[in-house]
Every structure is written in structure tokens, then in C-alpha cells.
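Below: one structure, written as C-alpha cells.
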Amino acid sequence: MKKGYFGDFGGRFAPELLMPPLLELEEAMERIMSTPAFGQELGNLLEHYVGRPTALYHCARLSEELGFGVWLKREDLAHTGAHKINNTVGQALLAKHMGKTKLVAETGAGQHGVATATAAALLGLECLVYMGAEDVVRQAHNVQRMELLGARVQPVESGSRTLKDAINAAMRHWIAEQEQTHYCLGSAVGPHPFPLLVRELQAVIGREALEQFRRRTGSLPDRVVACVGGGSNAIGMFHAFVPHPEVALIGVEAAGDGSPGCCHSATLSTGTTGVLHGTMTKLLQTPEGQILPSHSLAPGLDYPGVGPEHAHLQALGRAEYVSVTDNQALAAFMRLARTEGILAALESSHALAYAIGLAGTLPETENVVICLSGRGDKDLEIVRAALSKSE
Ligand SMILES: *Cc1c(COP(=O)(O)O)cnc(C)c1O
């Protein structure tokens, strides 16, 4: 495979001024991350700070109700309540080894901003987070969390004043201050080496899940399911299972309000090939290449692109991508709360909704492992508003 590519997808479609820091990062990744010292340091932080390995939980009641084995990989139990910390702690540590003193990051709903601010505080790095002005208002509590952790939040007033504009602003900042700065990108997207770097740091999810499942049952699961926004928790969950063709891989995107042609984030299910944020992938765009607005009730799934490796796994037929609506995700959120006592993130509830939809179609002996990417406390206001609207 061509370096930096996943089949026909990926690559490094970056302006000339962005090439030096991208090449520096690629070189550092290859030189530093494979050393035993780095592995040991990261392993220590993952165990004692992040709280890994996270549990693999067999849902007794939900399995009984659905008629097959339901298992949850509990990323909601990681520090800060989601998988995002695996990536930010890893990138912050790499930045430190590279001699950088500052992290710059983008954030949409604020979850990646909080995870970056957390890792920066942990490792004594300065932190600047670009956030769409629209999102700064909508997600005021996350702005507060970032500031309490010592980060500076910079509102972005350009474009649609949301995530994609914050990514552009963070990349511009990186160009201007590349000497001392590392750009801590939040998902498996962007120009090479980011999709590879983020996958390597999130692959711990699937490595653990495979080992835990094998230890408990002596075999491998039949299906592995994860929600897909940019695709980092999904690629992290899938990676260890890719070489095992007997394990079906299913990525679940947001169909939004369910009306065709608008108000969703189902990039792989409905998008077309193009370049966004430096990578060749599937996108929501007009025939002329204008990026379309995305939507999901789950803030973390609201992105008009997707990680290039998912586009490749889809093209190969190795993974399948489906979508579920806001209402199906909401129903899944409620169901897990009442049957298992777990408030899942709305993002993760999309993966759960797909599994719930399989009820009555699978043999009792089948096992489905779902990546529960995060906890739902952050979404209580959205859930309350949606429930009161549907009453
Ligand atoms: C950000 C987020 C996602 C979506 O991001 P991916 O890169 O697709 O994993 C999913 N779940 C939670 C809990 C998130 O915070």
C-alpha cells in the first residue's frame, strides 16, 4: 500500500506551509513511538491515569431480552468519560518527547478539547483550543471545564462557526507556530500521519476487547459494533479484529432526523469521494464539491467527513456501515439505562441501537461486542429536551 494511504483513500492533501510540521510529526512517530521507553511510559499512563484496561461487560438482562449475547467495551469508564483520552494522552506524550511545549487542538462539542486540556495539564504543556463560536455558546459547560484545566479557548467566527471551521483555524495556528507546537487532532481524520497516529493510539480498545473476550469464552465474537463520527473509537475497536474475517465489523453512523437528503451525518452510507481537511475520503458534499452541513442529536457524530481507513474497509467489504436515527439512538439510551443501569453517550447509543435492531434475527449462541465509547452524563440536557418534545 502506498505510504499514507488506505487503498484509494487517505494521503496528504496539505498546503505547502503545512508540510514541514506534518513531515516532522511523521518522522517523530516512526522514531519515538516504537521505542520500549515510549511504550512503557504510555502503558503506565494508560494503566494508572486513564484506568485501563477498561471492563468488557456481559449484559445479562439485555442479552436475555434481545435473544443473543450482548457485550459492552466500557470506554465510558476511562478518565474523562470516553475513549478520547487514549488519543490525547498518547499525542501529548509524543509532543513532549519531540520537545514541544504547547498543544493546539480543535473541538466541536468540547469533548476532545476537554481531553486535550486534561492531557496537557497532566504533562505540563500549554494548551490552546479552537472552538466554533456557535459551539462555544451551545457547550458552555465544556468551555468552563477546559478553562478550569488551564487551557485557553479561542472562539472561531469564520464559516459555519462549528467544528470544521475550528479544524481549519487550528491548522493555520500550527503553521504559524510549528516550532513549539503540536497539533493534537481529535479523530482518525486529517492528512497523513494523523489517521495512522490516532488509530495506533486507539487500537488499545480492540486489543483489550479481543483478549478479554477470548479469556472469558475461548473464542472470538461474531460481530463487533461501534459508532462512527470521525471514526476513532470505531477504528480503535476494529483494528485488532480486521485480520479475523469470521468477525463481522459494523460501523454505525448518524441518520439524524431520518429525512433523506438533509440533517444527518451518514457520510459512508450516503456520501461521495472527495478531499476534506487534507485527506481523500467519503464526504457530505454537493456535486460541485461544497461541503454540506451535517447533523446529529449526538454532538460527537456531527462531522461531514470520516476517517479514510473506514472508506477503505467499506470499499474492501471488510466492514459494513449502517445508520440509525436520532430517535432510535434515544430509545437505545433509555433501554440501556433501564435494563443495565448505564447512561451511555448519545454517540455510543447509536451503536447500541443497531444491536437492539438485531433482536429476533440472531441465534442465541451469537455474540455481539459493542464499543460503549463514552458516558451519557454530558448529554442529559439534550436527552431531556428530546424526551419532552416527543411527549
Ligand atoms: C467524540 C466522540 C465520538 C465520535 O468520535 P469518533 O472519532 O468517531 O470516535 C463517539 N463517542 C463519544 C463518546 C465521543 O465523545
Side-chain angles (χ1 to χ4, degrees), residues 54 72-88 91 105-116 118 131 135 139 142 145 162-163 166-167 184-190 194-195 197-206 225-239 250-254 265-268 277 279 281-282 294 296-311 313 319 321 323-324 329 332-333 336 342-354 370-380 382-383:
T54 58
L72 301 178
K73 181 57 176 160
R74 298 287 307 275
E75 291 303 293
D76 60 313
L77 298 177
H79 179 47
T80 69
H83 68 291
K84 287 196 167 74
I85 193 80
N86 304 324
N87 174 43
T88 59
Q91 286 200 44
E106 83 296 337
T107 198
Q111 296 302 113
H112 174 60
V114 169
T116 305
T118 301
M131 188 171 188
D135 292 327
Q139 306 286 342
N142 274 336
R145 289 169 80 191
T162 57
L163 175 60
I167 295 179
C184 185
L185 188 50
S187 191
V189 301
F194 282 111
L197 173 60
V198 176
R199 183 195 77 196
E200 289 303 296
L201 293 172
Q202 292 291 4
V204 65
I205 303 173
V225 185
C227 68
V228 179
S232 70
N233 87 91
I235 206 68
M237 184 70 179
F238 290 174
H239 188 60
I250 299 105
V252 185
E253 300 189 299
S265 307
T267 314
L268 289 159
H277 297 134
T279 192
T281 187
K282 296 287 270 302
S294 54
S296 172
L297 190 66
L301 301 185
D302 196 344
Y303 178 63
V306 69
E309 194 169 3
H310 288 294
L313 291 175
Y321 296 86
S323 62
V324 313
F333 174 96
L336 191 71
I342 297 170
L343 296 176
L346 282 173
E347 293 84 2
S348 327
S349 299
H350 281 71
L352 206 59
Y354 164 80
I370 303 158
C371 185
L372 203 76
S373 54
R375 68 173 183 229
D377 310 56
K378 69 182 182 61
D379 296 322
L380 296 192
I382 302 175
V383 169

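Quick note: numbers below take in every heavy atom, side chains included, and nothing from hydrogens, waters or symmetry partners. Counting starts at 1 for both ligands and their atoms, in listed order.
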So if I count the atoms of ligand 1 from 1 in the order they appear, which ones are less than 4.0 Å from some heavy atom of [X]?
| X | value |
| --- | --- |
| Gly229 | 8 (O) |
| Ala345 | 13 (C) |
| Ser232 | 6 (P), 7 (O), 8 (O), 9 (O) |
| Cys227 | 10 (C) |
| Gly374 | 13 (C) |
| Ser187 | 6 (P), 7 (O) |

Pairs of nitrogen or oxygen atoms closer than 3.5 Å, one from Ser348 and one from ligand 1: do any exist?
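No, no N or O pair falls under 3.5 Å.
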N/O separation below 3.5 Å, Gly230 to ligand 1
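Yes - when backbone and side-chain N and O of Gly230 are compared with those of ligand 1, one distance drops under 3.5 Å.
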Spatial distance of atom OG1 (Thr279) from atom NZ (Lys282) [nearest 0.5 Å]:
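Answer rounded to 0.5 Å: 13.5 Å.
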Once you round to the nearest 0.5 Å, how far does CZ of Arg145 lie from CD of Gln111?
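Taking CZ in Arg145 and CD in Gln111, the distance rounds to 6.0 Å.
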With a 4.0 Å cut-off on heavy atoms, is His83 in contact with ligand 1?
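Under 4.0 Å: yes for His83.
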Who's closest to atom 8 (O) of ligand 1 heavy-atom-wise, of Gly231, Ala254, Ala351, Gly81?
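The nearest heavy atom belongs to Gly231.
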Out of Lys84, Lys378, Gln111, indicate the one that has the non-hydrogen atom closest to atom 3 (C) of ligand 1.
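Going through Lys84, Lys378, Gln111 one by one, Lys84 has the nearest heavy atom to atom 3 (C) of ligand 1.
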Can you tell if the side chain of [X] reaches within under 4.5 Å of the side chain of [Y], non-hydrogen atoms only?
| X | Y | answer |
| --- | --- | --- |
| Leu163 | Asp302 | no |
| Asn87 | Leu201 | yes |
| Leu185 | His277 | no |
| Leu313 | Tyr321 | yes |
| Val189 | Thr281 | no |

For atom 4 (C) of ligand 1, what's the nearest protein heavy-atom neighbour? Residue, atom name and distance, please.
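Among all protein heavy atoms, the one nearest atom 4 (C) of ligand 1 is Gly300 O, 3.3 Å.
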Please state which protein non-hydrogen atom is closest to atom 11 (N) of ligand 1 and give its distance, to 0.1 Å?
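Here the closest protein heavy atom is Ser373 OG, 2.7 Å.
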Between Ser348 and Ser373: side-chain donor-acceptor atoms closer than 3.5 Å
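On atom types as modelled, these side chains qualify, holding a pair under 3.5 Å.
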Option among His79, Gln202, Gln91 that satisfies the side chain to side chain contact (heavy atoms under 4.5 Å, CB included) test with Asn86:
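Testing each of His79, Gln202, Gln91 against Asn86, the sole residue satisfying side chain to side chain contact (heavy atoms under 4.5 Å, CB included) is Gln202.
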